Every structure is written in structure tokens, then in C-alpha cells.
Number of protein chains: 2
Amino acid sequence: MRALTPKGAATRQRIVEGAALLIREHGPANVGLDDIRAATTTSKSQLFHYFPDGKSDMLLAVAAHEAERVLDDQQPYLSDLTSWAQWESWRDRVIARYAAQRRKCPLSALTAQLGLANPAVGDIITGMYSRWQGQIAAGVRTVRPDADAERVAAQMIGAIAGGATMLVATDDIRYLEIGLTEAIENLRRD
Amino acid sequence: MRALTPKGAATRQRIVEGAALLIREHGPANVGLDDIRAATTTSKSQLFHYFPDGKSDMLLAVAAHEAERVLDDQQPYLSDLTSWAQWESWRDRVIARYAAQRRKCPLSALTAQLGLANPAVGDIITGMYSRWQGQIAAGVRTVRPDADAERVAAQMIGAIAGGATMLVATDDIRYLEIGLTEAIENLRRD
DNA sequence: GTCATTTTGGACCACACAGTCCAATTTCAA
DNA sequence: TTGAAATTGGACTGTGTGGTCCAAAATGAC
């Protein structure tokens, strides 16, 4: 896999996106290589050509792809939390996103599937949360320079993660609404 | 399975507890019926005798068993949140429990494995959270009769769920500590 | 134009593992 | 004591599925 012609890169891309779509819809446990092959009009040899280590290798790429999406979906709000109105917009954005995907949280499903075994998965997840928390903390510093920005950001990340978990578990979006709203409110009146 | 002699009941129990232990340790995806058979000194026919619908049936029983444990582990604190000192003790208890199990959260692993497909799983999880939230809300009413007890309880459940999720994802207990501490603090100074 | 390299097709393999089956043994009520 | 029902042992089967292999076709550098 030293060189990679444009055609090859396109195929690889098609595989990742097709697999991501399938997994988002049906869950990683219910998607086999044959399903991915069929959905992306590829062959077995292509799958293993672009992902020499097999399925786990592919799921890793899918996980990285999904992690990107999580943060991208929150732009431009997340990177510009400079007024309370912006904070509100961001919150609404996050809630809307989760309300839309309902019980289908691709990242939690993937991490659960890949598990703690693979340290590379941990890096992806940790990195994503780290960037996420960093951007929130930056926002906190602009509206509340005196607050413990990292702590507040950690609280918000926790509230979001909890809200998402409860959404998946109980199909109830209110946990996310309450958690995020309270965290922002808390910051505001500090 | 109409009748169930004491011997049979004991065997069934042994299977559930043995399977739960194994799954807690290795994750549901990495535990096969043969592993359970070996660990519980039973035979294939026994497994299917007590769980006619096979593995999913068994995992359901394991999930119910684990859900019990979650609440049991918090007693007697959870059912007696009548003073701030009691709230602190409860919080410490919850944090200690999660710190001990570290990244191995049996419930989240099991729900991820069984998935949203099975409505029976949803009932177990929803029921557990419902009872949990109810007990917290009862505690809120004793220390803050004027507060919106259900909302506060929901916030705390969300903080715990988020803390647990982040603990699994990043192996960092601080999200749980911060979330729970802030939630209680918030209630206290309201 | 030609030759090496990349890309592709798809048949085939290996095996893990859920689930079946039947016979042997134990339990317990009458 | 006896016999029906529950319990147990373990060999066997079937299949879903990840992974291998090799040859054919496309690509691109020179």
C-alpha cells in the first residue's frame, strides 16, 4: 500500500463511507464483510487490499471517520462560543443532532464493538474528546475568564456523554437537554 | 420448564452467575457458550434446558442479574438520602464502585451486545434507571422539598451515565467525580 | 508500445460456535 | 418399589463469516 493511485484512493473512500452508513443503520454486530462488499460494489480482495489487517482495521477507519463527523457537525458553533447566544445555538445544535439520530449512536456502538482490546480505538476516542473538550474550554475562557475552564468543559462533555447514553438506553432526549442546559446555566450565573 | 426442582434452580442460578462473571471479565462478545459451559461445569443440554431460546435468552437473564447488582451496590445509601452527609456518602460509594470496575461496565457492554433489537432488554434497562431515578428523587424531596425533584434526579442520572461512559472511553474517573459533585453542589446551594 | 505495479473478481477455505439430539442418570411422588 | 418427569452428558451438525489465493484487467511510467 505504498503508492495509492487516485482510483485506489476513491475505492478506499467508498468502502469507508459505505461501511459507515451500513454500520450506522444496523449496528456493527449486524454488518458483515459481505454486506459491505455488496453495498460498495467491491470484491473481497479489494476489502483486504485496502485493509490488510481485515475487519478490525476497517472498523478502525470507520471509527475515525465517524469521530470526524461528530465534531464537524457542531461547526461553526463549537469554535465560536463567545456569547451566551452562541452557547445557546451550540446547545440546540447538539440536541438537534442527537434527537435526529435517536438511538443510533455510531460511536458508542463502534467503541463497544471494537472494545478495549484495541488501543488504537482508544486513541481515536480519546483524541476526539480531547479536541471537543478543548474547544469548549476555549469558549468558557472567553465568557468566564475566571472560571476553571477545563473543569467546566469536562462537566459539559460528561453531560453530553450521559445524555447520549441515556438516549440510547431509554430513547428519551430529556437527559441530554437537562444536562446541557443546567451546565450552561451553571456557568452563566457563576 | 413448568416444574423446577431445587437442584434445577441451583443449576440455573449457577449458570447465570458464572456467565455474568465471565462476561464482566471478558466482554459479552468474547464469551461463548462453551466458555460458560466450562466455567459452570455444565453441559450443552443444560444450557438449553434452562434457556430454551438459547444465548440471547441467557444474556437477558444475565443483564437482569447485573441490573440488580447496580442498585444493590448502592444500598443502604441510595435509599436514605436524608442529609447532606448521606448524599456525600452515596456519591463516594458510586465513585468507588466505578473506580473499582474501571473500564469494565457490564451493563453498557451487555446492552451494546444485545442491542436495541430486543425490547425485553430495553425493559430491564429502563426499569433499572426508573427505580434509580425514583430513589434519588425521593432523596431530593427530603432535603429540598421545593426543588423539581424529578429534574434534579434526571440530571444526576445523566451525570452518572456520562461519567461511566467517559470512564469506559478514556479510563478517566474525573468526569464522574466532577459531574456528580457539581450536581449535588448545585442542589445544595439552590 | 511495453512492462511493472496497482487494482479487481470471485471461488474457495477454515473454523468458531450456536444449536440439536438422544441416551443415561437422578429425583421424587405415590 | 416403581415409574414418570426432571436433569445431565456429550457427540454431532450446520452455517455464517472472516480470511486466503490466484489469475485477469486496468493503470501509469518510460
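Chain letters run A, B, ... following the sequence lines, proteins first, then strands; residues in each count from 1. Reckoned from all heavy atoms, side chains included, excluding hydrogens, waters and symmetry mates. Just so it is clear, the model here is predicted, and its values are computed rather than measured.
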So, is B:Tyr50 close to the D:dT8 phosphate, meaning a side-chain N or O under 4.0 Å from OP1 or OP2? yes
Quick one about A:Arg91 and A:Thr181 (side-chain donor to acceptor, distance below 3.5 Å, no hydrogens or angles considered), yes or no? yes
Decide whether A:Thr165 and B:Thr165 meet the rule of one side-chain donor and one side-chain acceptor closer than 3.5 Å. yes
At less than 4.0 Å, is any side-chain N or O atom of B:Gln46 found next to OP1 or OP2 of D:dT7? Yes or no. no
Distance, rounded to the nearest Å, where B:Ile36 contributes CD1 and D:dG9 contributes P: 16 Å
Going by side chain to side chain donor-acceptor pair (under 3.5 Å), name the residues that satisfy it together with B:Trp132, two or more places apart in sequence or in a different chain. B:Gln74
Which atom pairs link the protein and nucleotides 25-29 of chain D when you take only N or O atoms and keep those under 3.5 Å?
unit_1, atom_1, unit_2, atom_2, d
D:dA26, O3', A:Lys7, NZ, 3.2

Protein-nucleotides 14-23 of chain D N/O pairs under 3.5 Å:
unit_1, atom_1, unit_2, atom_2, d
D:dG18, OP1, A:Lys55, NZ, 2.9
D:dG18, OP2, A:Leu33, N, 2.8
D:dG19, OP2, A:Lys55, N, 2.9
D:dG19, N7, A:Lys44, NZ, 3.2
D:dG19, O6, A:Lys44, NZ, 2.7

Going by distance alone, is a donor N or O of one side chain under 3.5 Å from an acceptor N or O of the other, for B:Gln133 and A:Tyr175? yes
Whole angstrom is fine here: how far is it from CZ in B:Arg37 over to P in D:dG10? 9 Å
Is it the case that B:Arg97 and B:Gln101 place a side-chain donor and acceptor less than 3.5 Å from each other? yes
If I take atom NE2 in residue A:His49 and atom P in nucleotide C:dT6, what distance separates them, rounded to the nearest angstrom? 8 Å
Between B:Ser43 and B:Gln46, does any side-chain donor sit less than 3.5 Å from a side-chain acceptor? yes
Out of curiosity, B:Ile95 CD1 to B:Trp90 CH2, how far, rounded to the nearest 0.5 Å? 9.5 Å
From CG of B:Leu47 across to C1' of C:dA18 the rounded distance in Å is 11 Å
Within this structure, what is the CD-to-C1' distance between A:Gln13 and C:dT7, rounded to whole angstrom? 17 Å
Check against salt bridge (Lys or Arg N to Asp or Glu O under 4.0 Å), B:Asp73 and B:Arg93: CA-CA 8 Å; B:Asp73 272 10; B:Arg93 175 72 169 197; 5.3 Å; no
